[in-house]
Amino acid sequence: MEEKKELTEDKNPRSLNFIEEIIEEDLRSNVYDGRVHTRFPPEPNGYLHIGHAKSICLNFGIAKKYNGKTNLRFDDTNPVKEDVEYVDSIMEDVKWLGFDWEDRLFYASDYFGKLYEYAVILIKKGLAYVCDMTAEEISDTRGTPTRPGKESPYRNRSVEENLDLFTRMRNGEFADGSRVLRARIDMASPNMQMRDPVLYRILHATHHRTGDTWCIYPMYDFAHGQSDSLERITHSICTLEFEVHRPLYDWLVREIGIYAPKQIEFARLNLSYTVMSKRKLLELVGEKKVNGWDDPRMPTICGMRRRGYTPDAIRNFADTIGVAKRDNVIDVSLLEFLVREDLNKKANRVMAVLNPVKVILDNYPEDLVEEMEAVNNPEEESAGKRKVAFSRELYIEREDFMEDPPKKFFRLSPGTEVRLRSAYIIRCERVVKDTVTGEIAEIHCTYDPQTRSGMPESNRKVKGTLHWVSGKHAVSAEIRLYDRLFVKENPDDAEEGKDYKNYLNPDSLKVITGFIEPAVRSARPGDKFQFERIGYFCADKDSSGDKLIFNRTVTLKDSWAKIEKNQGT
RNA sequence: UGUCCGAUGGUGUAAUGGCAGCACUAGAGAUUUUGGUUCUCUCGGUCUAGGUUCGAAUCCUGGUCGGACAACCA
């Protein structure tokens with residue numbers, strides 16, 4: 001057995017993903033002097049989401065693995081969409097995930113001067129020209145994927161005229177949209193990206209960093225590769241939709257005559273039961289389907305942070321899903337599994353009753369209060385122990401009592417015994433119902449004084465263990481029960497006449513008031529707990545000593561729920 | 001009627017011409033003062049048709065299916 005296991009491990013010590021394979025090959029052939037230098041290049045026009053987290057982990061992870069470096073670069077070439085608000089949130093999120101760009105923070109806008117010079121080089125080589133057509137005319141003459149485009153009537157302007165026009169574009173002599181600089185490549189190329197792509201457009205807009213210095217701005221294609229080049233990036237890792245841009249990327253650095261990084265594309269992340277496109281997330285926020293970008297139901301990094309997901313869990317997630325080129329939809333239960341796995345080791349246990357019903361111990365002295373000793377985390381001895389007050393009147397979960405229980409119900413019912421966690425074994429003697437509603441108002445029980453936790457008699461076998469809080473000691477708190485935002489596994493593939501918003505989960509948030517043991521009174525925003533037998537919870541950013549607020553991060557696995565469902569109750 | 005990319009259990013990902021493995025999910029059991037955790041087991045896969053080869057998930061050819069590309073967005 002043992003030998004066989006070792007054999008398999010030897011055979012496949014650690015398998016590489018396709019990007020690592022490319023890098024190791026480049027390292028062997030020494031193309032980049034043995035360097036590995038990546039970059040994470042977001043446009044500061046929105047908040048980062050879990051898909052960006054995959055890219056961040058990939059870029060920083062690969063650099064770390066091969067002793068390289070990673071730059072953070074803001075791809076800020078479109079002033080009308082971008083803002084410093086996003087710059088700040090992106091830096092916060094990258095740091096929170098646990099990555100450090102050290103002193104390598106860059107902006108594409110830092111290179112506007114250099115990029116302008118590159119454009120001039122291209123013009124002088126006869127490889128770029130100023131085009132006076134309107135956006136519509138350019139679009140009309142581009143052709144289709146199956147039909148070649150038509151050459152612009154301005155395509156054969158002299159170098160001198162192009163130089164003069166481009167200078168005047170820069171000097172602000174022309175109105176927005178009146179002219180562009182285009183590459184002069186091939187209007188009949190089977191690759192649409194090569195049909196004389198626009199390199200510069202006129203935009204009399206104030207840039208969040210360069211102010212009004214420029215009124216022409218480079219397009220993505222003219223900025224990205226050259227920025228990579230200027231930063232001596234070795235491997236420029238991006239998502240699949242840029243695959244068809246690679247010939248242009250390579251053409252530009254080659255014709256300008258500068259250092260050439262290697263672009264590698266991978267499949268972007270899709271997660272089940274959510275949407276990931278910036279446009280849709282923006283819509284959810286704008287139409288108040290959620291309460292902002294950091295709503296705990298959002299797949300944004302700030303949303304997950306507020307929900308109580310940990311950086312470790314998200315990094316493990318990125319490692320576990322791997323990286324490849326085929327389209328994929330990752331099951332969100334994998335993410336939830338990794339969050340539980342991490343929190344199981346880290347979160348202290350606490351007892352909270354979310355749907356209370358009163359239990360009265362008839363044989364327990366009226367004014368007695370005992371301090372029960374409870375383990376903070378059975379998975380982590382160093383987490384220590386705490387005292388929990390116990391008294392005659394308690395609350396337990398309403399779901400933990402049934403008058404007429406089905407088979408396999410191990411909880412409290414008339415005449416049966418259960419253990420109260422870290423306290424006594426109790427027996428249900430009778431119930432008192434509300435005379436009007438018929439709902440159970442009080443469960444009267446007796447406790448067995450010999451079964452206090454730790455005493456020899458406490459080892460007696462009882463089927464169920466319930467969590468509880470002491471009526472006069474518990475603190476109340478607002479509890480926000482979050483669930484999946486969508487009811488459909490892939491909200492993007494909507495039926496005819498519908499869109500993703502038709503599949504919003506109406507029960508994705510329930511707000512209730514719960515009773516929690518007093519230990520949580522000092523909880524600070526972000527503090528994480530396991531509410532025993534219920535789930536993991538995190539103090540919300542708006543939580544305070546005066547008003548405690550807890551967000552449900554994820555439920556515990558619940559095998560009783562499955563049994564119950566199968567019994568058809 | 002183009003170019004490029006892709007196709008391995010329900011999901012994701014390995015196997016680099018030599019025993020199709022791992023994780024999640026689902027199911028069964030053991031342990032348990034959380035119906036949690038932990039442990040054990042089970043179900044389940046190479047898109048298709050040919051070819052090369054002693055041997056093909058892997059190489060070749062055809063087909064099928066899916067995705068990207070026609071912003072002065074990134």
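Numbered from 1 within each chain, the chains take letters A, B, ... in sequence-line order.
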(message) Would you say A:S139 places a side-chain N or O within less than 4.0 Å of OP1 or OP2 belonging to B:A71?
(response) yes
(message) Side-chain N or O of A:K463 versus OP1/OP2 of B:U33: is the shortest distance under 4.0 Å?
(response) no
(message) Using Watson-Crick or G-U wobble geometry with both distances under 3.5 Å, which nucleotide pairs with B:C54?
(response) B:G18
(message) When you compare the side chains of A:D331 and A:S333, does any donor N or O come within less than 3.5 Å of an acceptor on the partner?
(response) yes
(request) Under 4.0 Å between any heavy atoms, over every strand shown, what does A:F337 touch: base, sugar-phosphate, or nothing? Just pick one. (result) sugar-phosphate
(message) Can you say whether a donor on the side chain of A:S453 sits under 3.5 Å from an acceptor on the base of B:U33, or the other way round?
(response) yes
(message) So A:V462, base contact, sugar-phosphate only, or nothing? Heavy-atom distance under 4.0 Å.
(response) nothing
(request) Using Watson-Crick or G-U wobble geometry with both distances below 3.5 Å, tell me the partner of B:U11, or none. (result) B:A23
(request) Under 4.0 Å between any heavy atoms, over every strand shown, what does A:V198 touch: base, sugar-phosphate, or nothing? Just pick one. (result) sugar-phosphate
(request) Give the nucleotide from the list B:A74, B:G6, B:U32 with an atom nearest to the side chain of A:R326. (result) B:G6
(request) Establish, for the pair A:R484 and A:Y273, whether the NZ or CZ atom is under 6.0 angstrom from the six-membered ring centre and no further than 45 degrees off its axis. (result) yes
(request) Determine the Euclidean distance between corresponding C1' atoms of B:G45 and B:A26; express it in Å to zero decimal places. (result) 16 Å
(request) Could you work out which one of B:U37, B:U33, B:G35 sits closest to the side chain of A:R411? (result) B:G35
(message) For a quick check of understanding: with a heavy-atom distance under 4.0 Å over all strands, which category does A:P378 fall into, base, sugar-phosphate or nothing?
(response) base
(request) Quickly work out the A:F529 CZ to B:G36 C1' distance and round it to whole Å. (result) 18 Å
(request) Measure from CZ on A:F266 to P on B:G67 and round the result to the nearest Å. (result) 20 Å
(request) Taking the six-membered ring of A:Y107 (Phe, Tyr or Trp), confirm whether the NZ or CZ of A:R209 is under 6.0 Å from its centre and within 45° of its axis. (result) yes
(message) My understanding is that a pair needs two contacts under 3.5 Å, Watson-Crick or G-U wobble. By that rule, which nucleotide pairs with B:A70?
(response) none
(request) Would you mind telling me which of B:A15, B:C72, B:G6 lies closest to the side-chain atoms of A:S15? (result) B:A15
(request) Would you mind classifying the nucleic acid contact of A:R179 as base, sugar-phosphate or nothing, using non-hydrogen atoms under 4.0 angstrom? (result) nothing
(message) Once you apply a heavy-atom cut-off of 4.0 Å, does A:V375 come out as touching a base, just sugar-phosphate, or nothing?
(response) nothing
(message) Can you tell me which nucleotide in B:U11, B:U3, B:U37 comes closest to the side chain of A:D331?
(response) B:U11
(message) Whether the side chain of A:R147 and the base of B:U1 hold a donor-acceptor pair under 3.5 Å is what I'd like checked.
(response) no
(request) Sort out the partner of B:C65 for me: Watson-Crick or G-U wobble, both distances under 3.5 Å, none otherwise. (result) B:G6
(message) Taking atom types as they are modelled, would you say the side chain of A:E379 forms a donor-acceptor pair with the base of B:G36 within the 3.5 Å cutoff?
(response) yes
(request) Find out whether the Lys NZ or Arg CZ of A:R73 is both under 6.0 angstrom from the six-membered ring centre of A:F106 and within 45° of the ring's axis. (result) no
(message) Starting the side chain at C-beta, find the nucleotide from B:A74, B:C72, B:U1 nearest to A:T146.
(response) B:U1
(request) Taking atom C1' in both B:U52 and B:G12, compute the distance separating them and give it to the nearest angstrom. (result) 32 Å
(request) Tell which nucleotide pairs with B:U38, taking only Watson-Crick or G-U wobble pairs whose two distances are both under 3.5 angstrom. (result) B:A30
(request) Give one of base, sugar-phosphate or nothing for A:A135, where a contact means two heavy atoms less than 4.0 Å apart. (result) base
(message) Strictly distance-based, threshold 3.5 Å: is any side-chain N or O of A:R452 a donor or acceptor partner for the main-chain N or O of A:E457?
(response) no
(request) Could you tell me whether the phosphate oxygens of B:G36, OP1 or OP2, come under 4.0 Å of any side-chain nitrogen or oxygen in A:S559? (result) yes
(message) Any donor-acceptor pair under 3.5 Å linking the side-chain atoms of A:N348 with those of A:K528?
(response) no
